[in-house]
Protein chains: 2
Amino acid sequence: MRMNDTAAPVLARPNPRKRDAEATRAAILEAAKAHFALLGYDRAVLRDMAREAGVDVALVKRYFGGKEALFVEALRASFGPDAIQDWDRATLAREVATTLADSPHVDEARTHRFQFLLRAATSPTTAPLLNVLVQDRFLGPIRDWIGGADDNARARVFAACYIGFLVERLIRGEALLGREREVYIDRVTAIFAGLMSETDAPG
Amino acid sequence: MRMNDTAAPVLARPNPRKRDAEATRAAILEAAKAHFALLGYDRAVLRDMAREAGVDVALVKRYFGGKEALFVEALRASFGPDAIQDWDRATLAREVATTLADSPHVDEARTHRFQFLLRAATSPTTAPLLNVLVQDRFLGPIRDWIGGADDNARARVFAACYIGFLVERLIRGEALLGREREVYIDRVTAIFAGLMSETDAPG
DNA sequence: CTCTTATGTCAACGGGCATTGACTTGACCG
DNA sequence: CGGTCAAGTCAATGCCCGTTGACATAAGAG
């Protein structure tokens, strides 16, 4: 029995949260996606995600089983099969290059997904979980999208470059400006375009 | 006072470790370099490094101050200024491409360094520490090495690709074989070669 | 209304690990 | 020999964080 039983709660819960399993599960997952992508597996804290979702930590266990399971789920959700196919062959190279050149669009949906992948890949905890997923949701789609001869190898290089540019952007101190920005975009565009073509003239 | 004061130590210390500050400091640093590079900041454990160095954990504090300081030190040490300059312009592109193609040479010195950098870059804890270091020890040397017009932008793209290939190799499930390996090497070589040239014909 | 069950809350527990400070031991100098 | 200080050891301590199980409460069926 509480001491202040008779007193009204100091702060009435603003939104008494209807009991809706689907909704809370989704809220947790959403928070998890953001936190894992932003902080990586180790530094992401369940309590924080729960708070952001307006939910008790214990529910993470109820709905997902544990941190690792939640991570996998979040990764899959964040990296749905439709993530790639809508790319436009004609404009993609330059468009992506420009996005990459202009620095801190961290919350932009497309890169967000890949940032998640990157974090997952570089944490030894989670890397083992990736083999299947990477093939199914990343390399596979890119390969199909890129098409043509040797699509496997080209997709692999394509994906690698993309991730590399993401990392570089991540640790980039100041924004790219003027000529440096132009050259950067041109070079990145050239690389992507070269990989999209079946017959790239080697140096 | 110990209970078994009179009893001889069950295991005499095999190597009673001369008291040599320099040596132990170096030993710790060496272990730290390996552990951080391999596991990343969060999963690397001071106790393990100490054990590997044949040293008590407390000495980490004495000699370095703490985990974070040790990390910075290890990163600097592992990423000395001489890391880049000895690359050979003529053969580098294909050589590196081949190394990258053939998977698990994790302990190979050159990639080891970069793997360290990669881990540092993708961990939010340590990323802030990198701005200066990256410029001084990574982009700068690559820029000087690559030379020519727009060296800054080209070095940036070069570095990004390199890191990307490292990540890809990290999450690569099975080894590259046969034609896929050939194409992979060719494409990667082409990218590096293109970036080394001042005038790369864009697609 | 009552019983049941899904949903949500709360307060520990426990492991892992960096950090700390008091203590011991070797080495060098007078 | 004895004193002093650096080098090394040891045993806590305390924090962070995932996990757990016991409890409360809404909602819906009968």
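Every chain is numbered from 1 and lettered A, B, ... according to where its sequence line falls, protein lines coming before strand lines.
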**Student:** Could you tell me the separation between the NE2 atom of A:His35 and the P atom of D:dC17, rounded to a whole number of Å?
**Tutor:** 13 Å
**Student:** Within the structure, does a side-chain N or O atom of A:Lys67 lie under 4.0 Å from either OP1 or OP2 of D:dC17?
**Tutor:** no
**Student:** Mapping B:Ala58 and B:Glu22 to their closest nucleotides on DNA chain D, which lands nearer the 5' end?
**Tutor:** B:Glu22
**Student:** Please determine whether a side-chain nitrogen of the Lys or Arg among B:Asp20 and B:Arg25 lies less than 4.0 Å from a carboxylate oxygen of the Asp or Glu.
**Tutor:** no
**Student:** B:Arg51 CZ to C:dG16 C1': how many Å, rounded?
**Tutor:** 13 Å
**Student:** What nucleotide among C:dA18, D:dT9, C:dC10 has an atom nearest to a side-chain atom of A:Asp56?
**Tutor:** C:dC10
**Student:** Over how many whole Å does the gap from B:Tyr41 atom OH to C:dA18 atom P extend?
**Tutor:** 8 Å
**Student:** With a 4.0 Å cut-off on N to O distance, would you call A:Glu174 and B:Arg156 a salt bridge?
**Tutor:** yes
**Student:** Of the options C:dC17, C:dG8, D:dG18, whose atoms approach the side-chain atoms of A:Val45 most closely?
**Tutor:** D:dG18
**Student:** Just call it for B:Leu59: base, sugar-phosphate, or nothing, with non-hydrogen atoms closer than 4.0 Å on any strand.
**Tutor:** base
**Student:** Starting at CZ of B:Phe64 and ending at C1' of C:dT20, how long is that distance when rounded to a whole Å?
**Tutor:** 18 Å
**Student:** Tell me whether the OP1 or OP2 atom of D:dG8 has a side-chain N or O from B:Thr24 closer than 4.0 Å.
**Tutor:** yes
**Student:** Contact class for B:Ala44 (heavy atom, under 4.0 Å): base, sugar-phosphate, or nothing?
**Tutor:** sugar-phosphate
**Student:** Between the base of C:dG16 and the side chain of B:Arg47, is one N or O donor paired with an acceptor at under 3.5 angstrom?
**Tutor:** no
**Student:** What is the distance from CD1 of B:Ile28 to P of D:dG8, rounded to the nearest Å?
**Tutor:** 8 Å
**Student:** Validate the cation-pi geometry between B:Arg172 and B:Tyr184: distance from NZ or CZ to the six-membered ring centre under 6.0 Å, angle to the ring axis within 45°.
**Tutor:** yes
**Student:** How long is the line joining CZ of A:Arg19 and C1' of C:dT7, in whole Å?
**Tutor:** 4 Å
**Student:** Any side-chain heavy atom of A:Leu195 sitting closer than 4.5 Å to one from B:Arg187?
**Tutor:** yes
**Student:** What class does the angle between the rings of A:Tyr162 and A:Phe192 fall in, given that below 30° is parallel, 30 to 60° is tilted and above 60° is perpendicular?
**Tutor:** tilted
**Student:** Can you tell me if the side-chain N/O atoms of B:Lys61 get under 4.0 Å from OP1 or OP2 in C:dT20?
**Tutor:** yes
**Student:** Could you tell me how far apart B:Arg62 (CZ) and C:dA22 (P) are, to the nearest whole angstrom?
**Tutor:** 13 Å
**Student:** Whole Å only: how far is the CG atom of B:Leu39 from the C1' atom of C:dG16?
**Tutor:** 15 Å
